[in-house]
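Shown next, in structure tokens, is the structure this report addresses.
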Amino acid sequence: MRALVMPKWGLTMTQGVVVKWLVDEGADVEQGAELLDVETEKILSAVESPASGVLRRRVAAEGSTLPVGALLGVIADADVSNEAIDGFAATFEAEFTPEAEAEAGEGPSPQQVDVDGHSLRYLKMGEGGEPAVLVHGFGGDLNNWLFNHEALSAERAVYALDLPGHGESSKNVGDGTVGSLAQAVAGFMDALELPAVHLVGHSLGGAIAAELAGATPDRVRSLTLIASIGLGREFLPGFLDGFATARRRRQIKPVLEALFADPALVTRRLVNEVLQYKRLDGVEEALAAIARDLVADGEQTVAIRERLATYPGRILVIWGADDQIVPASHAVGLPDGMHVEVIDAVGHMPMMEASARVNQVLAAHFEGLLTA
Amino acid sequence: MARTITLLQAINEALDQEMARDSSVIVMGEDVVGGSGAEGEMDAWGGPLGVTKGLYGKYGDRMLDTPITESAFIGAAVGAAASGLRPVAELMFSDFVGVCFDQIYNQAAKFRYMFGGRAETPVVVRTMYGAGLRAAAQHSQSPYSIFTHVPGLKCVMPVTPYDAKGLLIQAIRDNDPVIFFEHKGLYETEGEVPEQSYSIPFGEANVVREGNDVSIISLGLMVHRSLEAAETLAGEGIQCEVVDLRTTSPLDEDTVLESAENTGRVVVVDEAPPRCSIATDISALIAQHAFDALEAPISLVTAPHTPVPFAGVLEDQYMPDAARIAAAVRSVAGYAP
Amino acid sequence: MALTKNDLLRAYRLMRTIREFEERVHVEFAAGEIEGFVHLYAGEEACAVGVMLHLTKADRIASTHRGHGHCIAKGVDVPAMMAEIYGRATGSCRGKGGSMHIADLDAGMMGANGIVGGGPPLICGAALAAKVQGTRDVGVAFIGDGASNQGTTFESMNLATVWNLPAIFVAENNGYAEATAADYAIGAGSLADRAEGFGMPAATVDGHDFFAVHEAAGEAIRRAREGDGPSFIECQVNRYYGHYEGDAQTYRPPGEAEAARANHDCLDMFAGRVTASAGIEREELDDIDRAVAALIDGAVSSAKADPAPAASEYLTDVYIDY
């Protein structure tokens, strides 16, 4: 018997609202299947099954607000008796005490580090192993890895940073080119004494990661490109400008909806978080400077294939089949030797929309268990 | 980094950051420093409630104590704004506008239009409003509808520390005159505020709670009381959407109408008296543009049409509270023609 | 400041331009060509020009209902002013202000003002801006005897002293606030005495005498530029027309304006003095008269021919319209 519990997505999450059950009681479920939607202060997302089996009980009522770790349901084999299930649930609930507020604040918290005149924010989770660095995309921040960071850190130290101009890093981006952003990431690795890492980049972060991998292959143990730019020409027209210039909810919402296969994921809170970032002094200028280097006449101007050719290590490419920003067709016809993972019914943010799958392949990739 | 500070601190921080950024920003008003010309300490008060405390030490002559002479110094702020400065004038209590209304209403508000678009008047008038402090009839009013009525003025009333900082920075950078209303009862409200500077555009209402049953449209301190009522009502199975107007001029008509169309049932909560008010204005807007969506008459929860009384037992009845708001919501939610 | 011949010719040209402008507006208004309220400055020209000859473009003035003269003397474009009075798109305010609200901030003219006593607080602000920015610019508030009784004026004079502002208050006392005599309405015996009560030096001069105004203004503006604070000047003067055009002026003794025009006209006094003692020939002044007449003719005919604002303009120049 396995307890399905309220997940903890991100450091500040203390509770979630059960929005909707997606699976009926008694249904067979695979590990990783989406069982119910939960909304937090930050995001609406699906809770995935921790194991394969039968969803024997839906304990949490739709609309209820429950603390992290609270029992949502019970997964068990079909032959376990109802009494045993009830007993399991009763015992769990009797023994469960919600994480105290004080404890909630005790986990790892973001730090700032100075790198070549930038103050960069980063969050480290996990210890030891071969470390990994997660690099977000245009307009993103380290919270883009909310559903991945903790899972990936089981075996290693995992660092997620805010690029210059993003999140709570300083907003000066210099010339804003992929090259100078890559320098900042290299400087970040120097500052934290990380000689070599598993490097994961999303979208713009993919081009940054590829730049580093090509230029300094010995510093990159493995490379992962998620919905990366630089592999083809097409790019959703107006997206960068729309994102860079939007100041209001009505302007930013359609832009954000294009990021996901399921636009319902763009909750009012997500919109507010993006707006809060966008309102900071210097952000609009920083994003405009970065955008200038990425797209011209509606086509991508960054190309990373040459860089990739000089990188001898393992490369994993992940794409959402329904990516509206950078089409998944860019994952077709890549040079030999790369492992390509295209995930159905997912948009430009596979690490959020299909976090379980992404976490699974990333972990395997880090260990060298994927085949090209 | 965001940290938790009070609304009062958020306003002080906004002024501090804008004065540091732009040397044309000055602050003037009665006792905004406190102690000018006296033999004790300078910056003795830092504003009657300490909102501007500490800025004199950093900005010296750009922090100006005024005599009690509102029409001269509000007018001077307007004139300085039309001469290259970005003054933030503090009209201690919004009730005092009677003695300087011309400078706001006929001068500041009209320059840009009347001079054919060839003038800018980037002045901010910060002013305290609202009841609840037993300050009686001439220190407790909520006269924002009077200003909202005037074309050319922008009217802002922050509810959270985050909004207070971002809206005040926007107000200072804005090229039109802005009346910035601060509720006395909200200064100690705490909330997360980024240390960095940021600005919030005007004309965007904030949906502070989502719900599908009844819309509560509110502003200022009443947003907190509306949220309190919404919490109680959620326990009864009534899900309220609470909209904080944030600015009454420009008014975010779209968000108000979207919410009304979504729920079909509307309660408007306003601390001011009921005639020619924000409450009546919002209800007229909804009646005009979302009539077909309405499933119940719009309900208004406002102060009565009286001056603000002094004695606690009187003033407590005067101000709309969560219980009255909840009662109005129940009646609207249960309405069947 | 010693006046050169050029200064004198410039002063004459400005006074003549104001006179010609006002006389022509008077005629055109009577002919039904101009709408709304107009308040003419004819007779008071020496006040505006005597002060303004000391000012630069960066100095600021605030004016009154009776603002045409201040505008012209401060350097606002004359054809644009005429076009504004005609409500044209080419006007100083693109037809949105009219006679009572002509302004040109680039020329340091903060607006004629429809509110009696509206200007002095604004000038405290302009003077404060100069002080904060560390320039040597000054602000001049023109008021009438009517505004001399407004609280805003008192408060502004006090504030100017408290903050030691580079502000000058110039009261043009033409004897009537609308239809009520200054002698009736001003409680104190003298405006200058009142100003001294606010802690600033005050002078009373004959407002028809350009040289008297110029001298008093020179001292006040020098003090202001040197950081010595505000001053007050009362200019005693006559207005040749009514409070507004169409005013039958039955409150005035018959012949009062005519007598002033005949015996104490600022242009006549000026011309007499400069031709007698400043080496200026009558012909030079006549040349100016002809040039000014042509300028005003041109301003009127172009104003009449200029387009009205596009109807859609009524919704522009304001941050939002509903």
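Throughout, a chain's letter reflects where its sequence line sits, starting with A, and its residues are numbered from 1.
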Item checked: I320(C) CD1 to L251(B) CG distance, which is reported to the nearest 0.5 Å -> 7.5 Å

Checklist line | Structural part of V162(C) lying under 4.5 Å from a heavy atom of chain B | finding: side chain

Margin query: Looking at chain B, which one of A126(C), G119(C), G114(C), G95(C) has the largest number of heavy-atom pairs inside 4.5 Å, strictly under?
Written below: A126(C)

Show the pairs of one donor and one acceptor atom, one from chain B and one from chain C, lying under 3.5 Å apart.
{"residue": "D65(B)", "atom": "O", "partner": "W163(C)", "partner atom": "NE1", "Å": "3.2"}
{"residue": "T69(B)", "atom": "OG1", "partner": "E155(C)", "partner atom": "OE1", "Å": "2.6"}
{"residue": "S71(B)", "atom": "N", "partner": "E155(C)", "partner atom": "OE1", "Å": "3.3"}
{"residue": "S71(B)", "atom": "OG", "partner": "E155(C)", "partner atom": "OE1", "Å": "3.0"}
{"residue": "S71(B)", "atom": "OG", "partner": "E155(C)", "partner atom": "OE2", "Å": "3.1"}
{"residue": "A72(B)", "atom": "N", "partner": "E155(C)", "partner atom": "OE1", "Å": "3.2"}
{"residue": "A76(B)", "atom": "N", "partner": "P121(C)", "partner atom": "O", "Å": "3.3"}
{"residue": "A82(B)", "atom": "O", "partner": "R60(C)", "partner atom": "NH1", "Å": "2.5"}
{"residue": "S83(B)", "atom": "OG", "partner": "R60(C)", "partner atom": "NH1", "Å": "3.4"}
{"residue": "Q107(B)", "atom": "OE1", "partner": "N113(C)", "partner atom": "ND2", "Å": "2.8"}
{"residue": "Q107(B)", "atom": "NE2", "partner": "N113(C)", "partner atom": "OD1", "Å": "3.1"}
{"residue": "Y113(B)", "atom": "OH", "partner": "Y314(C)", "partner atom": "O", "Å": "2.8"}
{"residue": "M114(B)", "atom": "O", "partner": "G97(C)", "partner atom": "N", "Å": "3.4"}
{"residue": "G116(B)", "atom": "O", "partner": "R94(C)", "partner atom": "NH1", "Å": "2.8"}
{"residue": "R118(B)", "atom": "NH1", "partner": "G91(C)", "partner atom": "O", "Å": "3.2"}
{"residue": "R118(B)", "atom": "NH1", "partner": "S92(C)", "partner atom": "O", "Å": "2.6"}
{"residue": "L153(B)", "atom": "O", "partner": "Y319(C)", "partner atom": "OH", "Å": "2.6"}
{"residue": "S249(B)", "atom": "OG", "partner": "Y319(C)", "partner atom": "OH", "Å": "2.2"}
{"residue": "L251(B)", "atom": "N", "partner": "Y322(C)", "partner atom": "OH", "Å": "2.7"}

Item checked: All side-chain contact (heavy atoms from CB on, under 4.5 Å) counterparts of V124(B), not counting sequence neighbours -> V88(B), R126(B), L168(B), A171(B), I172(B), F180(B)

Note to self: Shorter than 4.5 Å, heavy atoms on both sides: which option in P121(C), G117(C), G118(C) has the most such pairs with chain B?
What the structure shows: P121(C)

Check: What pairs meet the ring pair (Phe, Tyr, Trp, His ring centres under 6.0 Å) rule with one or both residues in residues 62-94 of chain B, with sequence neighbours excluded?
Finding: F93(B)-F96(B), F93(B)-H139(B)

Margin query: For L153(B), which atoms come within 4.5 Å of any heavy atom of chain C: side chain, backbone, both, or neither?
Written below: backbone

Margin query: For a quick test of reading the model, state the closest non-hydrogen atom pair linking A82(B) to L105(C) and the distance between them.
Written below: O-CD2, 4.1 Å

Notebook entry, point to check: Would you say F37(C) has more than 12 foreign heavy atoms packed within less than 6.0 Å of its CZ?
Noted result: no

Notebook entry, point to check: Can you name the side-chain contact (heavy atoms from CB on, under 4.5 Å) partners of A76(B), sequence neighbours left out?
Noted result: C124(C), L159(C)

